[in-house]
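Residue numbers begin at 1 in each chain, while the letters A, B, ... track the order of the sequences.
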Amino acid sequence: MTKNKGSWSLALLETMKDPLYRVISSEIAVVIKDKFPKAKYHFLILPYEDIPTVFHLTSSERHLKLMDELELLAKNVVEVTGLNSNIFQVGYHSSPSMQRLHLHVISNDYNSPCLKTKIHWNSFNTKFFWDVKYVHKEIRRNGKVNKPNPDISKQLLATELRCHKCDFRPKNMPELKQHLLSHITC
DNA sequence: GTTCTAGAAC
DNA sequence: GTTCTAGAAC
C-alpha cells in the first residue's frame with residue numbers, strides 16, 4: 001500500500017516559488033512568509049534541494065553547509081524585521097505535515113487570526129517544537145535526527161493549554177488568544 | 001497544512 | 001441558543 005498524504009502536503013513547493021511570499025534568498029535556500037502565519041512574524045526557510053523532511057538531513061558535507069546556511073538566513077530575516085532576536089523561536093516541527101524541509105522563524109507574540117487550534121499552539125509551545133540548535137547538533141553528532149514516536153507527538157499536541165510567558169492555564173483557545181494580548185508591549 | 005461542520009460543551 | 005472542538009476530506 002502506497003502512502004498518499006494528499007496534494008496539500010506539496011503546497012510549500014509552489015509557495016516557495018511565489019514572489020508574493022518571498023522575503024530573502026540565497027543560492028541554496030529561500031525565506032518565505034508563512035501563508036497562514038501563527039504570529040505577527042512567521043517565516044519559513046526552505047532549501048531548493050529536494051529534501052523532504054528534517055529526517056532526511058545527514059552529516060554529509062553538503063548538508064552541514066546547508067544547515068549553516070539555514071541558520072544564517074534565520075539570523076538575516078530576523079535582522080530584516082529590526083526586532084530583538086530573543087522574541088523569535090527558530091526550529092522544526094518534530095512531525096511535519098508539509099513536504100520540503102522547512103525551518104520555522106516565528107515571533108513569540110502569537111497574535112494572529114490564523115492561530116486557531118490547540119494543535120497550532122502546542123506545535124510551537126511544547127516539545128513538539130525542536131529548536132534548530134538542538135536538531136543541527138544532533139545531526140552533526142549522530143548523522144541524523146530520529147523520528148519521534150507518533151503516539152508521543154499526538155500526546156504533545158493534545159497537551160493542556162498553557163501560556164508560554166506565565167503560568168496561566170486557559171480553558172480554551174479564545175481565552176488563550178485574549179490572554180496573549182496582555183503580554184504584548186507597544 | 002486548511003476547510004467544513006456535527007455535536008459536545010457551555 | 002451559541003460557542004467551541006475535533007474528525008473527515010476519495
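- Shown here are the ring pair (Phe, Tyr, Trp, His ring centres under 6.0 Å) partners of A:His136, two or more places apart in sequence or in another chain: A:Tyr92.
- Qualifying salt bridge (Lys or Arg N to Asp or Glu O under 4.0 Å) partners for A:Glu71, counting only residues two or more places apart in sequence or in other chains: A:Lys133.
- Side-chain polar atoms of A:Ser26 and A:Glu69 form a donor-acceptor pair below 3.5 angstrom.
- For A:Lys40, the salt bridge (Lys or Arg N to Asp or Glu O under 4.0 Å) criterion is met by no residue, not counting sequence neighbours.
- With sequence neighbours excluded, the residues forming a side chain to side chain contact (heavy atoms under 4.5 Å, CB included) with A:Lys116 are A:His120, listed by chain and number.
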| note | For DNA chain B, the expected dot-bracket line (Watson-Crick or G-U under 3.5 Å, [ ] crossing, | inter-strand) is .|||||||||
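- The two atoms that bring A:Gln89 and A:Tyr110 nearest to each other are OE1-OH, 2.9 Å, heavy atoms only.
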Under 3.5 Å between N/O atoms: give me all the protein pairs with nucleotides 1-7 of chain C, atom names plus distance.
{"unit_1": "C:dT5", "atom_1": "OP1", "unit_2": "A:Met173", "atom_2": "N", "d": "2.9"}

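- Heavy-atom distances under 4.0 Å link DNA chain B to A:Phe36, A:Lys38 of residues 31-43 of chain A, given in residue order.
- Annotation: ring pair (Phe, Tyr, Trp, His ring centres under 6.0 Å) contacts of A:Phe128 (sequence neighbours excluded): A:His93.
- Shown for residues 89-115 of chain A: residues whose heavy atoms fall under 4.0 angstrom of DNA chain B, namely A:His93, A:Ser97, A:Met98.
- Considering only residues two or more places apart in sequence or on other chains, A:Lys137 meets the salt bridge (Lys or Arg N to Asp or Glu O under 4.0 Å) condition with none of them.
- The shortest heavy-atom contact between A:His102 and A:Arg100 is ND1-O, 2.8 Å.
- Partners of A:Lys165 under the side chain to side chain contact (heavy atoms under 4.5 Å, CB included) rule, at least two apart in sequence or in another chain, are A:Asn108, A:Cys163, A:His183.
- Every residue two or more places apart in sequence or in another chain was checked for a ring pair (Phe, Tyr, Trp, His ring centres under 6.0 Å) with A:Tyr48, and none qualifies.
- The one candidate from A:Phe124, A:Phe129, A:Trp121 that meets the ring-ring contact (aromatic ring centres under 6.0 Å, His included) condition with A:His164 is A:Trp121.
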